J.: 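The structure that follows is given in the form of structure tokens.
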Amino acid sequence: MGAIIPVFPLGTVLFPGLVLPLHIFEERYRTLVRDLVASTDDEPHEFGVVTLRYGWEVAAPDGDAERPADETPVTVDQLYDVGCTAELRQVTELPDGRFDIVTVGRRRFRVVAIAAETQPYVTAEVEWLPDEEGTGPAATLLAPRVLAAFRTYLDLLRPDSEVLDQVPDDPTVLSHLIAATAQLTTDERHELLAAPDTAARLRAELRLLNREAGLLAKVRAVPVPLSDLARPVSPN
């Protein structure tokens, strides 16, 4: 049996090392925050973020509406199979009992099953995916090529961008930054999160960035504002 962890179903893909702020208003997830804050220092103060394929999100984009009382429990079919834990870094409790929290992506996992309802919030059985701390020679060689492709892509997308003022030296960190920053579909982001290693992620990013740069270059050749052709952006 794998580890059992609390899970936030969200409309976003979280990557290791990336910051994710959240506003917590649902009572079940207020309970989760209180449980994490009350846990001992020996226990990780983290929960899993798993992307929804469809259905309710924890943070509704149109306000603080609670979930319907007759809502059916979330199922594995509603979720992408790979997620990332979010480690609590900052917790601010508001006067009405809600929380503003700041989290940072920590470690990847694969969802095995939704666990029995022993808590008011969703829990899942997960298996941890291998850490990517030791990048090999392939990733080291790929990183400069991917970074160059990313710079070209950003110059076409928004010439005044300051995203790359400080470029990470580590190929794994770079791969996660690009995956989180580039304007990709949810399926593409999940593919990058689920990549077996850094080299595979960088190869996929090189392909995606070259494709996107080619499309942007063609758009610039026609008299249509980029904003008219922009993809819908998730509110999360």
Side-chain angles (χ1 to χ4, degrees), residues 1-16 18-36 44-88 98-99 101 103-130 176 179-196 200-201 204 208 231-236:
M1 182 175 179
I4 303 295
I5 65 171
V7 166
F8 266 61
L10 286 176
T12 190
V13 181
L14 177 63
F15 290 87
L18 274 294
V19 175
L20 176 66
L22 290 170
H23 176 65
I24 309 299
F25 58 87
E26 271 198 76
E27 185 56 43
R28 72 181 86 183
Y29 292 104
R30 296 189 206 183
T31 301
L32 169 58
V33 172
R34 288 191 288 265
D35 288 350
L36 290 174
H45 295 214
E46 62 182 345
F47 55 87
V49 171
V50 185
T51 309
L52 276 167
R53 294 183 184 275
Y54 58 91
W56 270 78
E57 296 182 30
V58 171
D62 56 349
D64 292 348
E66 294 285 349
R67 295 173 185 246
D70 59 350
E71 176 205 5
T72 56
V74 67
T75 65
V76 170
D77 291 342
Q78 289 177 266
L79 304 173
Y80 284 87
D81 62 332
V82 173
C84 178
T85 61
E87 184 176 13
L88 279 181
R98 304 179 193 195
F99 291 94
I101 65 174
T103 71
V104 175
R106 184 163 178 248
R107 48 181 175 166
R108 301 179 305 146
F109 59 85
R110 187 178 305 278
V111 176
V112 176
I114 299 299
E117 294 188 28
T118 59
Q119 300 290 348
Y121 42 81
V122 180
T123 58
E125 178 187 351
V126 304
E127 58 181 15
W128 302 112
L129 297 182
H176 290 149
T181 305
Q183 292 189 0
L184 304 173
T185 66
T186 300
D187 283 347
E188 289 165 345
R189 289 189 197 279
H190 179 264
E191 174 190 347
L192 295 175
L193 178 66
R201 184 176 304 108
L208 291 168
R231 297 174 178 172
V233 178
S234 169
N236 292 292

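The shown structure was predicted, so the numbers you read here are calculated from the model rather than taken from an experiment. When reading the values below, keep in mind they use all heavy atoms of this one structure, side chains included, and skip hydrogens, waters and symmetry mates.
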J.: If you look at every heavy atom in Ala86 and Val49, which pair is closest and at what distance?
T.: CB-CG2, 4.0 Å
J.: Once you round to the nearest 0.5 Å, how far does CD of Glu87 lie from NE2 of His45?
T.: 8.5 Å
J.: Roughly how far, to the nearest 0.5 Å, is CD of Glu191 from CG of Leu184?
T.: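 One finds 9.5 Å between CG of Leu184 and CD of Glu191.
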J.: Of all residues at least two apart in sequence or in a different chain, which pass the side chain to side chain contact (heavy atoms under 4.5 Å, CB included) check with Arg108?
T.: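 Scan of Arg108 (side chain to side chain contact (heavy atoms under 4.5 Å, CB included), adjacent residues dropped) gives Pro16, Leu129, Glu132, Leu193, Arg201.
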J.: Over all heavy atoms of both residues, which pair between Leu14 and Cys84 is shortest? Give the atoms and the distance, please.
T.: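 Nearest pair, atom of Leu14 first, then Cys84: O-CB, 3.2 Å.
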J.: How close do Val76 and Ala113 get, counting heavy atoms only, and between which atoms?
T.: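 What the structure gives for the nearest pair is CG2-CA, 3.9 Å.
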J.: Looking only at atom types and distance, does a side-chain atom of Glu125 sit under 3.5 Å from a main-chain N or O of Gly2, one as donor and one as acceptor?
T.: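 Side chain of Glu125 to backbone of Gly2: a pair is present.
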J.: If I take atom CG from residue Leu52 and atom CG from residue Leu79, how far apart are they, to the nearest 0.5 angstrom?
T.: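 Nearest 0.5 Å value for the CG-CG distance: 5.5 Å.
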J.: Could you list the residues that satisfy side chain to side chain contact (heavy atoms under 4.5 Å, CB included) with Leu36, not counting sequence neighbours?
T.: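 For Leu36 the side chain to side chain contact (heavy atoms under 4.5 Å, CB included) partners, ignoring immediate neighbours, are Leu32, Phe47, Leu88.
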J.: Evaluate Leu22 against Phe99 for side chain to side chain contact (heavy atoms under 4.5 Å, CB included), listing each step before the verdict.
T.: CA-CA 8 Å; Leu22 290 170; Phe99 291 94; over 6 Å; no
J.: Would you please name every residue forming a salt bridge (Lys or Arg N to Asp or Glu O under 4.0 Å) with Glu46, sequence neighbours left out?
T.: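 Listed in chain order: Arg106, Arg107.
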J.: Donor-acceptor pair, His190 side chain versus Val82 backbone, under 3.5 Å?
T.: yes
J.: May I have the step-by-step check of side chain to side chain contact (heavy atoms under 4.5 Å, CB included) for Leu20 and Leu10, ending in yes or no?
T.: CA-CA 11 Å; Leu20 176 66; Leu10 286 176; 4.2 Å; yes
J.: Anything under 30° is parallel, anything over 60° is perpendicular, the rest tilted; go ahead and classify Tyr29 against Phe8.
T.: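 Ring orientation, 0 to 90° scale: tilted.
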J.: To the nearest 0.5 Å, tell me how far Thr31 OG1 sits from Glu26 CD.
T.: 10.5 Å
J.: Determine, step by step, whether Thr12 and Arg189 satisfy the side chain to side chain contact (heavy atoms under 4.5 Å, CB included) criterion, reporting the C-alpha distance in whole Å, the side-chain angles of both residues, the deciding distance to 0.1 Å, and the verdict.
T.: CA-CA 9 Å; Thr12 190; Arg189 289 189 197 279; over 6 Å; no
J.: What do the steps show when you test Phe15 against Thr181 for side chain to side chain contact (heavy atoms under 4.5 Å, CB included), and what is the final call?
T.: CA-CA 11 Å; Phe15 290 87; Thr181 305; over 6 Å; no
J.: I need the minimum non-hydrogen distance between Tyr121 and Arg28, along with the two atoms involved.
T.: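 For Tyr121 versus Arg28, the nearest heavy atoms are CD2-O, 3.3 Å.
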J.: Quick check: do Thr186 and Tyr80 have side-chain heavy atoms less than 4.5 Å from each other?
T.: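 Thr186 vs Tyr80: side chains touch.
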